[in-house]
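Take a look at this one; I'll ask things after.
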Amino acid sequence: MPKKIENVGCPYCGVCCDDLVVTVSDDGKKILEVENACAIGNQIFHHATGSERVTRPRLRQPDGTYKEISYDEAIDYAARVLYNAKKPLIYGFGSTNCEGMAAAAKVAEKAGAVLDNCASICHGSSFLAIFDNGYPSCTLGETKNRADVVVYWGANPAHAHPRHMSRYSIFPRGFFTGKGQKSRKIIVVDPRHTDTAQVADIYLQVKQGHDYELFNAFRTALRGHEIPEEVAGIKREKILEVAEIMKKARFGTIFYGMGLCHSDGRNHNVDIAISLTRDLNDYTKWTIMAMRGHYNIAGPGVVWSWQYGFPYCLDLTKDVAHMNPGETSSIDLAMRDEVDAFFNVATDAAAHFPIEAVKHLRKHPWITIDPNICMASEISDLHIPVGIVGVEVPGIVYRMDNVPIQYRKVIDPPEGVISDEELFERIYKRLCELEAEEAAKGKAKTTPVGVHAEE
Ligand code: SF4
């Protein structure tokens, strides 16, 4: 009899839907049906048992092809690369569990590596603003139960976080928002008339790259000062109308995304968004929340802050952890060619880094640790497959509002495939052994050499 598993978490976006129902075959090996997930979430589960899964580590050969090797051989190779590197970079972690992140941090510390996560190219600018200005935020449950005004600023959840609007912000009927969408005023600020803008009560088509000015206009208007006839493409009357709606809200939440973090101003856009939220709290209750991307990209921020005091861009090459985005961030390190080995973990840096950064990183040994074939795996010297968290591996993940959720496993990983956590624990052990072996021989470290494919 096929078995239905309830309260399954979705390992894709930061909404971390934990209401999925997954039906598995009687032998517990095949996923037959996934209920409640959006199209993206659905695909994650069905992909797990697809024929294209890689089930053994693959080492690049001199002719450019891959040869399957054992996990022991792969672990030895990875440990040797780390041991020999002067400044390895271990990057990624958007799509794994907190247990894997903590195990990786142990390895990074032992190897004297730089440890960074996808926030570096995503909501890292949010961290910078939060360091400066605080984070008057809330949980998604509070928005669902209380918010009568919701702003999406530079975010398009209809495409990036498909169930965000139905679970938490627009459509659900909460404790004090019993009429669902009718209880709420939805405001969307975006240069494009997105599918999210389609469901807005008020759409502000801000000029691309001029968000800072618009925030400034709102803050000025709220204080009762004059503002120009038009700011960032928005008419004065509209700004005054929206400022009034915000002021009269019972509870408001500003959700913001890459429209602020990736456009001119970056952390300053987020900084002033936080300032506007603070200003609004002089009148009523307002909160702000970053639309975190991957399902557990909030995880490394929490785990590593607890371990080292810093959420990302951690330089562990010296005795004391150091963080300085711009200096210790992955792209900056790659562009300055400052690292001599690269570990791509639970992400796809080859697809999402600027090509110049990829070219620099590719000069050195590149190891990908990921369940899937992706651009990073295909340019790697070594690809080590691992189990898919939330499908084959259980663990803790942090939702976009930093609420921890225990994810469960629904099927076993392919035979012999191990988890990120186990892999990093074994790399750590091998690294300790290598250190002891080499110390006994009195050998000095050498610069690592990768086995690269023909360019
Ligand atoms: S909204 Fe996000 S977490 Fe929810 S099912 Fe879709 S991809 Fe998964």
Side-chain angles (χ1 to χ4, degrees), residues 4-24 31-50 93-98 118-119 122-123 139-141 143-144 147 150 152 155-172 174 180-181 186 188 194-196 198-199 253 255-258 289-302 346-348 351-352 370-372 374 387-411:
K4 266 187 193 283
I5 305 170
E6 296 188 340
N7 303 323
V8 174
C10 169
Y12 188 72
C13 84
V15 179
C16 293
C17 298
D18 53 357
D19 62 343
L20 274 45
V21 180
V22 178
T23 309
V24 298
I31 290 171
L32 302 176
E33 198 187 351
V34 181
E35 294 166 62
N36 298 340
C38 69
I40 312 172
N42 209 293
Q43 181 55 28
I44 294 274
F45 285 88
H46 288 299
H47 160 81
T49 50
F93 302 99
S95 301
T96 185
N97 56 17
C98 292
C118 309
C122 191
H123 271 286
T139 64
L140 287 168
T143 297
K144 172 187 167 182
V150 171
Y152 281 112
N156 185 13
H159 285 245
H161 300 83
R163 296 182 72 216
H164 192 266
M165 299 183 294
S166 59
R167 273 172 71 83
Y168 297 114
S169 60
I170 302 184
F171 305 111
Q181 186 179 10
I186 309 300
V188 170
T194 59
D195 285 336
T196 305
Q198 301 271 18
V199 292
T253 304
F255 293 106
Y256 71 93
M258 293 301 104
M289 195 183 298
M291 296 286 284
R292 302 304 302 273
H294 297 288
Y295 70 93
N296 197 19
I297 192 52
V302 174
T347 189
D348 188 352
H352 304 299
D370 196 274
N372 306 304
C374 57
I388 304 174
V389 169
V391 182
E392 300 157 347
V393 179
I396 299 284
V397 313
Y398 279 82
R399 203 169 62 184
M400 65 165 65
D401 52 353
N402 292 315
V403 169
I405 301 176
Q406 173 74 54
Y407 271 23
R408 48 179 48 185
K409 84 175 215 182
V410 292
I411 52 169

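Whatever order the structure lists ligands and atoms in, that order sets their numbers, starting from 1. Quick note: residue numbers are just sequence positions, from 1.
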Start with the C-alpha gap between R399 and D18, add the side-chain angles, then the distance that decides, and say whether salt bridge (charged side-chain N to carboxylate O under 4.0 Å, His left out) holds.
-> CA-CA 10 Å; R399 203 169 62 184; D18 53 357; 5.3 Å; no

When the ring planes of Y295 and Y407 are compared, do they come out parallel, tilted or perpendicular, using 30° and 60° as the limits?
-> parallel

With V8 as partner, the option from V34, V410, N36, V21 fulfilling side-chain contact (heavy atoms from CB on, under 4.5 Å) is V410

If you round to the nearest 0.5 Å, how far is CD of Q43 from OH of Y12?
-> 11.0 Å

Using a distance threshold of 2.8 Å, what protein N/O/S atoms lie below it relative to atom 4 (Fe) of ligand 1?
-> C17 SG

For C374, all residues meeting side-chain contact (heavy atoms from CB on, under 4.5 Å), sequence neighbours excluded = D348, A376, S377

Ring centres of F255 and H164 under 6.0 Å apart?
-> yes

